[in-house]
Amino acid sequence: MNIEMQLKGKLIAAVKELYGQDINEGQVQVQITRKDLTGDFTIVVFPLIKISKKSPEETGKDIGEHIKRNDPTVVNYNVVKGFLNIELAADYWLTLINEIAEQDRHGYLRAEDNAPLMMIEYSSPNTNKPLHLGHIRNNLLGYSLSRIAEASGKRVIKTNIVNDRGIHICKSMLAWKKWGKGVTPQSSGKKGDHLVGDFYVKFDQEYKAEINTLIQTKISDYPVLKDVIDFKTTLLGLKNKKKTKEGLNEQEIVQLKACEELNKYAEKNAPLMLEAREMLLKWEDKDKEVYSDWEMMNQWVYAGFDVSYKKLGVDFDKIYYESDTYTVGRDMVLDGIEKGAFYRKEDGSVWCDLSDVGLDEKLLLRKDGTSVYMTQDIGTAKLRYDDFDIDKMVYVVGNEQDYHFQVLSLVLDKIGFKWGKDLVHFSYGMVELPQGKMKSREGTVVDADDLVDDMVNTARDMSQQMGKLEGYTSKEAEEVYQMIALGALKYFILKVDPKKNMVFNPEESIDFNGNTGPFIQYTHARIQSIFRKAAEKGIQVGTAAPTHVEIGEKENNLIRTIANFPNVVAEAGHVFSPAIIANFTYDLAKEYNQFYHDCPILFEEDEDKRMMRLILCKTVGKTIKNAMWLLGIDVPEKM
RNA sequence: GGUCCGGUAGCUCAGCUGGAUAGAGCAACAGCCUUCUAAGCUGUAGGUCCUAGGUUCGAAUCCUAGCCGGAUCACCA
């Protein structure tokens, strides 16, 4: 039982005895005392004055006195503006820190064999382009969440669904066929995922050109558009005007409609798109040539992804491929028609009607029988639940897909899967650049590999300038550079509330000072340095601190913070937020640096005090390491 | 237009299950290395917590309305 709970119990007993009333836990508030006031825990007495029928000050004094009399660990109390601050004895805190010092995994819960099984899906890349900054946020969040869940006592399976089929893949394949001249990663020296991504871009360029041509030849079919000179600008202009207060006049409404119709026609009927569609059909028919090209190009991409994942330090327990799951999904959709959950339109396409819950109709199979995104997600879910005894399924996917997951949940429920309703979409915000959103057309997409490489280079430069890695081999030093670079990147991204959009400035934002990963890593390295020095000086570091020494303000802050770590882990696991862990770790590191600055450790002459501080250092070091582990960040011995 | 998310210092973000004087970092300015790692520490300056109402002992936090920004509503994924 933790101290807050104990205090709450004492408070309830005090109210009962003093005022003869029973109150429940919801009526009492115990919080950690603000740093600028004396005390360890604070009881808010306002909710109690109705019961005491006295002023907040008097009520606070009554209760404070009562608790102090009945609890030997409470040595003092004070009442400020209706807040009762309780001060605990130093030996209580020192006993506590000794208990914590014994544990290697303070704050973590052990996952028992029968603990709930949580499957966490993250990454989910498309095989038509390399990973970028957006994927980085996804991967880091997913990986960190899985560790937090593990430390919260869950059994965890990290999974990835690779988007290896669909029209987008056909686009890259088609472009490679047409313009690739047989180029391979080997022949070009290019990473496979980047090479395939280049052809996706190529397709898009040629496709756009075809759309324009098609629009020019067809525009004469629309009399309302006869005065239009630049189609694109007109369409964009009308769309924007529609959003303004002024709105569109009648003629403009007709024009916009015509524009959109023509545009859609062109997008659908551009020769390249028709070819890609045909290729998708062939692929679903397992056409020999298409299939072998597909397999070859996929291998290139997987090899590339493996490198990127390794660079980021993330991994998976089980990988699913949509090429395996989409047929399962298709069968389930067809099955759903028979069950009456879905229906077929005249053209042969299959739909799910969700208008009864205020949503639209949703397409599940195209009229040509090919699968869409939703189809494969249904199949993947089915396979996963067949493979594992999942208690909770978590999808780490961006918030632009909120609607998709709302629908998926309903669709799964409709075909009778009991787990459909309670799937969790862990929805995170977008990463933007200082100039705004990343746009591939404008070349502002930040490539994942490049970003990590840049960070490592920066870390290496800075580290070498400071020259604190003497005695390290170049291989050891290189490991530290990697650690720092990844620490900076991961911390920068994970410290932000996942739900929110965030701005990432590649040049300026990745700092190594202040509220950053390296700052925390540095604090850890500093602590380790103390122990190296202690060994040099022949100072023994015991296993427990003497409990009779006095503790100062900084020491008290540190102990209280560490003691709170289990609550922080539990909270982070509850609301799925690495940011909570990151903020905690920063606070701890900052407090430690203040302590380090103010209090001599090895130079302390009072042996008991020195021992107490060393135990404290040890515990802080371990807690930093454990907290950073939850973020997927390693900490160095030297830096 | 419907639905959802957000708006806190010049910038990037905490704080949001209602609690005391709204906090950090960056940037700016001023200090601290003959002592355990200065990637550190200390100080100064910087605020209409988008606006207006409401709820109450108490609102950045909850409710309503509005303003601004974003996402989404595809036979894309």
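Here is how names work: the chains are called A, B, and so on, in the same order as the sequence lines, proteins then strands, and each is numbered from 1.
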Could you tell me if [Y] and [X] have a donor-acceptor pair between their side chains, going purely by distance under 3.5 Å?
| X | Y | result |
| --- | --- | --- |
| A/S124 | A/E121 | yes |
| A/Y373 | A/N163 | no |
| A/S172 | A/N128 | no |
| A/N138 | A/S123 | no |
| A/N399 | A/D402 | no |
| A/D164 | A/T127 | no |
| A/Q376 | A/R330 | no |

Which nucleotide, if any, forms a Watson-Crick or G-U wobble pair with [N], using both distances under 3.5 Å?
| N | value |
| --- | --- |
| B/A65 | B/U51 |
| B/U21 | none |
| B/A28 | B/U44 |
| B/A14 | none |

(message) Whole angstroms only, please: what is the CD-C1' distance between A/E361 and B/C73?
(response) 13 Å
(request) Taking side-chain hydrogen bond (donor to acceptor under 3.5 Å, both in side chains) as the test, write out the residues that go with A/N513, two or more places apart. (result) none
(message) My understanding is that only residues two or more places apart in sequence, or in another chain, count here; which of them pass side-chain hydrogen bond (donor to acceptor under 3.5 Å, both in side chains) with A/Y522?
(response) A/R526
(message) Does this structure show an ion pair linking A/K35 with A/E591, if we count only N-O contacts that are shorter than 4.0 Å?
(response) yes
Could you measure between the two [atom1] atoms, the one in [N] and the one in [M], and give it in whole Å?
| N | M | atom1 | answer |
| --- | --- | --- | --- |
| B/U56 | B/A45 | P | 38 Å |
| B/C26 | B/U72 | P | 35 Å |
| B/G46 | B/A9 | C1' | 6 Å |
| B/C29 | B/A65 | C1' | 44 Å |
| B/U61 | B/U8 | P | 14 Å |
| B/G18 | B/A60 | C1' | 11 Å |
| B/G66 | B/A27 | C1' | 35 Å |
| B/C13 | B/G53 | P | 31 Å |

(message) For B/C33, does the O4'-C1'-N9-C4 or O4'-C1'-N1-C2 angle fall within 90° of 0, making it syn, or is it anti?
(response) syn
(request) Assign A/E432 to base, sugar-phosphate, or nothing according to its heavy-atom contacts below 4.0 angstrom with the strands shown. (result) nothing
(message) Using a heavy-atom cut-off of 4.0 Å across all strands, would you classify A/D587 as base, sugar-phosphate, or nothing?
(response) nothing
Reading 5' to 3' through [range], protein heavy-atom contacts under 4.0 Å coded B for base, S for sugar-phosphate only, - for none:
| range | result |
| --- | --- |
| nucleotides 6-11 of chain B | SS---- |
| nucleotides 36-45 of chain B | BBSBSSS--- |
| nucleotides 17-22 of chain B | --BBS- |

(request) May I ask you to verify if any side-chain N or O of A/R277 is less than 4.0 angstrom from the OP1 or OP2 atom of B/C75? (result) no
Sequence neighbours left out, cut at 3.5 Å: what donor-acceptor pairs do the side chains of residues 36-50 of chain A make with other protein atoms?
unit_1 : atom_1 : unit_2 : atom_2 : d
A/D36  : OD1    : A/R34  : NE     : 3.1
A/D36  : OD1    : A/R34  : NH2    : 3.4
A/D36  : OD2    : A/R34  : NH2    : 2.6
A/D40  : OD1    : A/N556 : ND2    : 3.3
A/D40  : OD2    : A/L88  : N      : 2.7
A/D40  : OD2    : A/W93  : NE1    : 3.2
A/T42  : OG1    : A/T33  : OG1    : 2.8
A/T42  : OG1    : A/N85  : OD1    : 2.7

(request) Evaluate the side-chain proximity of A/L614 to A/R610: yes if any heavy-atom separation is below 4.5 Å, no if none is. (result) yes
(message) Counting only side-chain heavy atoms from C-beta out, which of B/U72, B/C13, B/A77 sits nearest to A/H404?
(response) B/A77
(request) Among the candidates B/G70, B/G25, B/C13, find the nucleotide nearest to the side-chain atoms of A/N501. (result) B/G70
(message) Please compare A/D347 and A/N515 by the position of their nearest nucleotide in RNA chain B and report the one closer to 5'.
(response) A/N515
(message) Looking at A/K625, I'd like to know if its NZ atom is crowded, meaning that more than 12 non-hydrogen atoms belonging to other residues, nucleotides or ligands lie closer than 6.0 Å.
(response) no
